[in-house]
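Note that the coordinates shown come from a computational prediction; the quantities given were computed from them, not determined experimentally. When a ligand or atom number is given, it counts from 1 through the structure's own listing order.
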Amino acid sequence: MEFRHKNIISIDDFTKEELIYVLKRAKRFEEGFNDGKYSDMLKGKVLSTVFFEPSTRTRLSFESAMKRLGGTVIGFANEKTSSAVKGETVHDTAKMLECYSDVIVVRHHIEGAARVMAEASQVPVINAGDGANQHPTQTCLDLYTILKSKGRLDNLRIGFLGDLKYGRTVHSLVHALTHFDSKMTFISPESLAMPDYMIDELKDANIDFEETEDLHSVCKKLDVLYVTRIQKERFVDSLDYEKVKGVYQLDKNIMEYVKPELKIMHPLPRVDEIHKELDDTDHAIYFEQARNGVFVRQALLSLVLNKEMEDDE
Ligand code: NCD
């Protein structure tokens, strides 16, 4: 398949066919994970990871993916050690990184920062989260995880719980799911409901969704529950955060009210939304979800760097 976009900035950059193709490729990386089959695939290639916001999973899984494909990684995990503190713009940072690397992964607190870098850069730019906007590579691993655990992306009811206003992983995943025939249930306090522009888009596209504040009233019908952290750092007024913090906390009691085959996901990090006692139940797939990030990012890096695989269609 011809991969149309060398940059990955928004989940809307992908067609449905491209999303499915990424998931298929990720599966092949997972299957070949231990046999070293792809260990030279990106030999000689350099990835820059530039993180202007904290990260554990996204940065390190990109790094792991690149190194497992034989590439190398440069970058910074803290903007305080970069020239951003001297006033350098992301445009100029991108002009530098294109000299030093073949692909750039960026996380920034400003919405649209990744797009600005992509416009400035001659090498591909991958958005690893821009403010409350988008986190497309997380979405690819979320879809991969749903597909792997449920065997399908259609005919599911997927619940989203927590901070639906500021949660960029939610925004990207909901967009992606509009390609599939699944229903969505949004569960949040009113002040953290899905943004109006997204609700309008869902209505325009005739997507079947519902909104509620009450998890118990809807949890029985869910096949997947995607839990999110309240995004404390995005609140303009800390008093507003105090009003909603800890609002949903799942523990083993929830098991009485849900389908036995319900899968609970979380992009992580968690704060207090999911009690540790759920970790060992069959419902919890959030650690496996994080692990899937490596295969999916191997797929994405190999695609933007135009590496073909032997049985590409
Ligand atoms: C998420 C993020 O950065 O948006 N984390 C991640 O990439 N796995 C979720 C979060 O920070 O709550």
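- Remark: minimum distance from atom 3 (O) of ligand 1 to any protein heavy atom is reached at Arg168 NH2, 2.9 Å.
- With hydrogens and angles left out, the side-chain atoms of Asn127 and Gln134 include no donor and acceptor closer than 3.5 Å.
- Of all protein heavy atoms, the one closest to atom 8 (N) of ligand 1 is Pro267 O, 2.9 Å.
- Close placement of the Phe76 and Phe52 rings is indicated, their centers lying within 6.0 Å of each other.
- With Thr169, Asp163, Asp142 as candidates, the residue nearest to atom 1 (C) of ligand 1 on a non-hydrogen basis is Thr169.
- From the protein, the heavy atom lying nearest to atom 9 (C) of ligand 1 is Leu268 O, 3.6 Å.
- A salt bridge links Arg157 to Glu210: one of the charged nitrogens lies within less than 4.0 Å of a carboxylate oxygen.
- Atoms of ligand 1 lying under 4.0 Å from at least one heavy atom of Gln231, given by number and element, are 10 (C), 12 (O).
- Close contacts of ligand 1 with Thr58, meaning ligand atoms under 4.0 Å from a residue heavy atom, involve 6 (C), 7 (O).
- Using the six-membered ring where Trp is involved, His171 and Tyr197 have ring planes that are perpendicular, over 60° apart on the 30 and 60° scheme.
- Near Arg229, meaning under 4.0 Å from one of its heavy atoms, ligand 1 places the atoms 10 (C), 11 (O), 12 (O).
- Using cut-offs of 30° and 60° for the angle between ring planes, the Phe235 and Tyr241 rings count as perpendicular.
- For ligand 1, the atoms lying closer than 4.0 Å to a non-hydrogen atom of His135 are 2 (C), 4 (O), 6 (C), 7 (O).
- Just one of Arg234, Arg59, Lys80 meets the salt bridge (Lys or Arg N to Asp or Glu O under 4.0 Å) condition when paired with Glu53; it is Arg234.
- Under 4.0 angstrom from ligand 1, there are no non-hydrogen atoms of Glu53.
- Backbone and side-chain nitrogen or oxygen atoms of Glu233 are examined, and none is located within less than 3.5 angstrom of a nitrogen or oxygen of ligand 1.
- Going from atom NZ of Lys252 over to atom CG of Asp280 covers 7.0 Å, rounded to the nearest 0.5 Å.
- The backbone N or O of Tyr286 sits nowhere less than 3.5 Å from a side-chain atom of His266 that would complete a donor-acceptor pair.
- Here is the list of ligand 1 atoms found below 4.0 Å of a heavy atom in Pro269: 10 (C), 11 (O).
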